Amino acid sequence: MTPEELSQAVLSAVRASVEAGELSVGVPERVTIERPKNREHGDYATNAALQLAKAAKKPPREVAQIIAGRLAQVGGIASVDIAGPGFLNITVDTASAGELARSIVEAGEAYGRGESLAKLKINLEFVSANPTGPIHIGGVRWAAVGDSLARILKAAGADVSTEYYINDAGVQIDKFGGSLMAAANGRPIPEDGYVGEYINDIAREIVAQHAGLLELPDEEQKKVFTSTGLRLMVAEIQRSMEEFGTHFDVWFSEKSLHDSGAVDEAIERLRGQNHVYTDGGAIWLRTTDFGDDKDRVLIKGDGETTYFASDAAYYLNKRDRGNEVCVYMLGADHHGYVGRLKAIAACAGDDPEHNIEVLIGQFVKMVREGQEVRMSKRAGNIITIDDVVEWIGVDAARYSLARSSTDSTITLDIDVLTSATNENPVYYVQYAHTRMCGVERKAKELGIERGEFKPELLATEWESNLLGMLGEFPRIVAKAAELREPHHVARYLEELAGVYHRFYDNCRIMPLGDEPATDLTYARMWLADAARIVVANGLGLLGVSAPERM
RNA sequence: GCCCCCGUAGCUCAGCGGACAGAGCAGGCGCCUUCUAAGCGCUUGGUCGCAGGUUCGAUUCCUGCCGGGGGCGCCA
């Protein structure tokens with residue numbers, strides 16, 4: 001019996017009580033079913049009676065009494081107790097609880113998927129760092145979180161596309177090209193230019209690709225350095241992302257918005273909505289109509305469009321491509337953009353509460369030997385994605401970045417994540433998976449096939465706890481998708497791993513010595529296999545490997 | 001001055017309206033001729049920053065303060 005089925009049973013009991021005239025309330029659409037922290041409170045608990053008491057004009061315990069009477073009749077429910085102020089504590093039949101293992105094994109990779117976001121076309125834009133240097137640590141956080149979120153949203157049934165916005169227009173790119181040219185010619189890097197070994201590397205590569213380049217006039221050189229540098233840098237970013245297990249469906253060029261006239265078109269569309277005005281020679285969008293703290297310039301007095309104008313065009317482009325929800329993931333230093341991005345949507349006639357979501361990720365710090373690490377070999381004053389991967393590996397990086405809420409600033413301790421591996425929760429979870437695989441190997445070695453499943457044999461507290469945790473997985477995935485918070489999946493896996501380890505240590509699965517396999521052997525094999533599937537599916541949602549051996 | 005995030009066990013962090021506040025790690029004491037001990041059991045450890053408010057009920061929601069981090073351009 002799953003939490004979902006239980007929830008339906010409670011609703012049916014409420015409905016029946018209302019129909020019988022014992023309760024006069026509207027039947028709620030859903031009730032909360034939770035696993036109590038304390039085992040003495042049954043397998044599941046609901047506060048439904050507490051919630052309904054006021055409307056029913058009866059004391060909570062009396063409402064509980066009424067619901068409990070009907071609920072106890074439901075097949076699969078062993079008992080219903082009323083506790084505290086009016087909680088219903090529900091105990092499920094052992095056999096009914098054990099059936100879950102069978103359905104998980106049968107569902108396999110599909111277990112945990114749902115339809116809570118079915119038919120929602122959602123676009124995730126993340127990282128989107130300027131292609132003027134390697135991805136830095138903040139971008140790595142979004143690579144881990146954004147990619148995991150994409151996987152989770154897909155699991156919840158959404159139609160997801162992931163996207164990287166390449167800022168390939170504007171003065172930063174110009175400075176990048178200038179810096180490359182300076183480096184290649186042995187001249188000092190211009191003021192506000194880009195420095196670091198990577199600039200020299202790329203400059204060398206460009207010179208190697210273009211014979212005689214340095215003999216050309218500066219103006220022509222710079223064009224080559226800019227365009228080729230951009231291409232090489234984007235290629236490197238794409239390589240880093242793929243190596244990090246992060247895939248983008250679309251690499252969107254800002255320049256293409258200008259070249260195609262989309263920026264001008266966007267301004268005209270916003271003008272048509274009557275939110276555009278001219279002042280001091282500049283053209284403005286009246287974002288203050290929708291909560292922004294000041295209006296924003298679209299076209300400067302000198303006729304140049306602003307970055308903000310590109311943002312507006314880009315948003316409209318995403319919507320034109322059929323995306324119902326556009327999610328932006330930005331660093332904490334860009335939190336000021338939330339208001340203006342939402343205002344763009346509102347000015348365009350969209351619902352800023354629905355069509356656009358902006359997630360803000362706080363900073364990431366790395367420490368080694370108690371000291372903050374700031375330096376990178378390749379990029380001088382920043383830590384790059386390749387540094388992170390080199391120091392702690394993809395699995396540990398993805399997991400440790402995705403296991404915390406993006407609202408928290410996090411500190412990654414390189415020493416912890418490398419030498420003392422058991423201090424890192426990812427290994428705790430992965431180790432649980434290898435133990436599960438170890439059981440399968442042992443079974444194969446002993447020539448034991450999984451026999452008929454008798455779910456009622458899974459009767460110990462460890463088996464019951466494990467079944468309970470496994471049953472939570474679909475709700476955790478749905479919650480993580482709904483809240484756009486992948487870290488719930490990681491936390492769940494850590495808890496599940498703990499419950500599994502305890503089951504493993506207390507419930508021998510394979511026969512010892514010459515003992516024959518029994519029905520209990522088979523039942524536990526089903527359970528262990530179900531647990532393996534859930535851990536593998538969960539790690540898959542985080543883009544972290546589920547190793548068979550460690 | 002205004003805006004955003006954080007403040008929970010020694011450390012890193014969960015908990016986002018419910019029952020005595022949790023995990024991992026760290027500290028202490030135990031457990032491997034048996035499916036990997038990267039594990040398990042027991043144990044030490046907390047005025048949930050402070051003060052009010054809303055609620056039957058607040059770590060959770062609201063307000064104010066105090067700490068810490070980050071932002072507020074006709075920059076990109």
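Proteins come first, then strands; the chains are lettered A, B, ... in the order of their sequence lines, and each starts at number 1. Small disclaimer: the values here were computed from a predicted structure and weren't measured.
Listed nucleotides B/C40, B/A14, B/C74 differ in distance to A/S408; the shortest reach to its side chain belongs to B/A14. For A/Y504, counting side-chain heavy atoms from C-beta on, the closest listed nucleotide (B/C35, B/A38, B/U34) is B/C35. Here the nucleotide nearest the side chain of A/H501, chosen from B/C35, B/A19, B/G39, is B/G39. Distance from the side chain of A/R435 is smallest for B/A37 among the nucleotides B/A37, B/A19, B/C13. Considering only side-chain atoms of A/I509, the nucleotide from B/C35, B/C6, B/C72 that sits closest is B/C35.
Straight-line distance from the NE2 atom of A/H487 to the C1' atom of B/C6: 14 Å, rounded to whole Å. Atom CD in A/E34 sits roughly 7 Å away from atom P in B/G18 (whole-Å rounding).
Remark: A/E548 CD is loosely packed, at most 12 non-hydrogen atoms of other residues, nucleotides or ligands lying under 6.0 Å away.
Partners of A/H275 under the ring pair (Phe, Tyr, Trp, His ring centres under 6.0 Å) rule, at least two apart in sequence or in another chain, are A/F290.
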Nucleotides 9-11 of chain B: which of its N/O atoms have a protein N/O under 3.5 Å away?
none

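Straight-line distance between the C1' atoms of B/C42 and B/G64: roughly 45 Å, to the nearest whole Å. On the P atoms, B/G22 is 14 Å away from B/U59, given to the nearest whole Å. Separation of the P atoms belonging to B/C50 and B/C29 is 34 Å when rounded to the nearest angstrom. Look at the P atom in both B/C11 and B/G7: the space between them is 14 Å, to the nearest Å. Nucleotides B/C66 and B/G52 have their C1' atoms positioned 15 Å apart, rounded to a whole Å.
Sequence order on RNA chain B of the closest nucleotides to A/D505 and A/A332 puts A/D505 first from the 5' end.
The base of B/G71 is not paired with the side chain of A/H335 by any donor and acceptor separated by under 3.5 Å. Interface remark: the A/N47 side chain does form a donor-acceptor pair with the B/G18 base, using a distance-only criterion of under 3.5 Å.
Secondary-structure stems of RNA chain B, taken as three or more successive Watson-Crick or G-U wobble pairs (i with j, i+1 with j-1) under a 3.5 Å distance threshold, comprise B:1-7 with B:66-72, B:10-13 with B:22-25, B:27-31 with B:39-43, B:49-53 with B:61-65.
Phosphate proximity of B/G41 to A/R502: present, with a side-chain N or O under 4.0 Å from OP1 or OP2.
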